[in-house]
Peer 1: 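Before we start, here is the structure in question, set down as structure tokens.
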Amino acid sequence: MTIRVIIVDDQAMVRAGFAALLSAQTDIDVVGEAPDGREGVRVARSAHPDVVLMDVRMPEMDGLAAAREILEAPVGVVHRPKVLMLTTFDVDDYVYEALRAGASGFLLKDAPPADLIAAVRIVAAGEALLAPSVTRRLIADFAAQRPAPRKGAAALRLNGLTPRETEVLELIARGLSNQEIAGRLVLAEQTVKTHIGRVLAKLELRDRAQAVIFAYEAGVVRPGDPG
């Protein structure tokens, strides 16, 4: 199935370069572009993409505000694409806030072309782009600046998890892949996928990115804890 993509970036050359790269892939179709966040929201509503490549810093409306509008669509808007943030900065609080809003991850603009192509496919498949160590560092840094006690609503939601599911949530937050979690817990990889699906469903989270944010803010793991 073809992955429908739109590119939202204020630099025309960046949009053209990304569009040429992605359109050359047999399974990716670039169905729209926009020079700012406001136009990006409009194009996302009309083009119904699977993935939105969203620059962080833009005029008119920045990528964070645009991502929120797209991901928190008003009543009546059924289609909600995945959002992949693009940035030239490897530490940017906008990116952390975008992940909290429901973005599926972020990619540095100077990443190799193969990484961009892979990122689009990963996000389209419903996974979060959390593998790069820079992403884990970013989340840990900003979670440390926003400590949240393990009580109240978060604790109630955690109480719904089994001990094994809590363990899986902790390992997701530490940045481990499904294969690595399977090895750590001595489980089949398919069993790990089942546990992750249950964790996301019980906590009402859309993907692994939000699971990582939730785990730090709920105190399941803390920045600086040994892995």
Side-chain angles (χ1 to χ4, degrees), residues 1-130 132 134-135 138-139 142 206-207 209-210:
M1 190 169 76
T2 302
I3 302 168
R4 295 169 59 83
V5 177
I6 68 170
I7 303 166
V8 185
D9 193 292
D10 61 337
Q11 298 181 50
M13 288 186 67
V14 170
R15 296 197 307 273
F18 285 176
L21 176 65
L22 294 173
S23 296
Q25 311 307 308
T26 57
D27 60 335
I28 299 175
D29 187 13
V30 177
V31 296
E33 300 178 19
D36 60 67
R38 195 175 308 283
E39 181 67 8
V41 173
R42 189 195 67 76
V43 174
R45 294 274 191 268
S46 61
H48 296 158
D50 300 302
V51 177
V52 177
L53 293 180
M54 180 76 74
D55 189 19
V56 170
R57 298 175 183 269
M58 291 180 292
E60 296 294 328
M61 177 186 283
D62 64 38
L64 174 57
R68 280 181 175 150
E69 284 209 21
I70 291 171
L71 295 167
E72 299 172 6
V75 176
V77 176
V78 177
H79 182 75
R80 286 178 174 80
K82 306 293 186 182
V83 175
L84 178 62
M85 305 302 296
L86 298 168
T87 180
T88 54
F89 306 95
D90 64 352
V91 175
D92 189 334
D93 59 345
Y94 275 2
V95 177
Y96 174 84
E97 295 298 339
L99 292 175
R100 292 191 67 194
S104 295
F106 85 99
L107 189 71
L108 297 179
K109 283 187 178 181
D110 60 358
D115 286 3
L116 173 64
I117 296 166
V120 168
R121 290 171 177 155
I122 289 168
V123 170
E127 293 290 328
L129 193 68
L130 289 175
V134 64
T135 307
L138 174 90
I139 293 171
F142 286 96
R206 60 183 287 153
D207 58 26
Q210 288 200 326

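Only heavy atoms go into these numbers, but all of them, side chains included; no hydrogens, no water, no symmetry mates.
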Peer 1: For Val56, is there any backbone N or O sitting under 3.5 Å from a side-chain donor or acceptor partner on Asp62?
Peer 2: no
Peer 1: Please check: side-chain N/O of Ser23 versus main-chain N/O of Ala20, any donor-acceptor pairing under 3.5 Å?
Peer 2: no
Peer 1: Drop me the distance from Ile70's CD1 to Glu72's CD, to the nearest 0.5 angstrom.
Peer 2: 11.0 Å
Peer 1: For the residue pair Ala103 and Met85, what are the closest heavy atoms and their distance?
Peer 2: CB-CG, 4.0 Å
Peer 1: Taking the side chain as C-beta and beyond, is there a heavy-atom pair between Asp55 and Asp10 under 4.5 Å?
Peer 2: yes
Peer 1: State, to 0.1 Å, how close Val8 and Gly40 come at their nearest heavy-atom pair, and which atoms those are.
Peer 2: CG2-CA, 3.8 Å
Peer 1: Quick one: are Phe18 and Leu86 in side-chain contact, heavy atoms under 4.5 Å?
Peer 2: yes
Peer 1: How long is the gap from CZ on Arg121 to CG on Leu116, to the nearest 0.5 Å?
Peer 2: 10.0 Å
Peer 1: Under the salt bridge (Lys or Arg N to Asp or Glu O under 4.0 Å) definition, can you give me all pairs with a residue in residues 13-22, not counting sequence neighbours?
Peer 2: Arg15-Glu33
Peer 1: Is the side chain of Asp29 donor-acceptor paired with the backbone N or O of Val31 at a distance under 3.5 Å, no angle test?
Peer 2: no
Peer 1: For a quick test of reading the model, state the closest non-hydrogen atom pair linking Ala19 to Ile7 and the distance between them.
Peer 2: N-CD1, 3.5 Å
Peer 1: Can you check whether Leu21's main-chain N or O pairs, donor with acceptor, with Gln25's side chain at less than 3.5 Å?
Peer 2: yes
Peer 1: So, taking the atom named CE in Met58 and the one named CG in Asp9, what distance separates them when rounded to the nearest 0.5 Å?
Peer 2: 7.0 Å
Peer 1: For the side chain to side chain contact (heavy atoms under 4.5 Å, CB included) test, which of Asp27, Val51, Ile28 pairs with Leu22?
Peer 2: Ile28
Peer 1: Which heavy atom of Ser104 sits nearest to which heavy atom of Lys82, and what is that distance?
Peer 2: OG-CD, 3.8 Å
Peer 1: Do you know which two heavy atoms are closest between Ala67 and Met54, and how far apart they sit?
Peer 2: N-CE, 4.1 Å
Peer 1: Would you mind reporting whether Val52 and Leu84 have side-chain heavy atoms less than 4.5 Å apart?
Peer 2: no
Peer 1: Calculate, to the nearest 0.5 Å, the distance between atoms CD1 and CD1 belonging to Ile117 and Ile122 respectively.
Peer 2: 12.0 Å
Peer 1: Ignoring hydrogens, what is the shortest heavy-atom contact between Val41 and Glu69? Give both atom names and the distance.
Peer 2: CG1-OE1, 3.7 Å
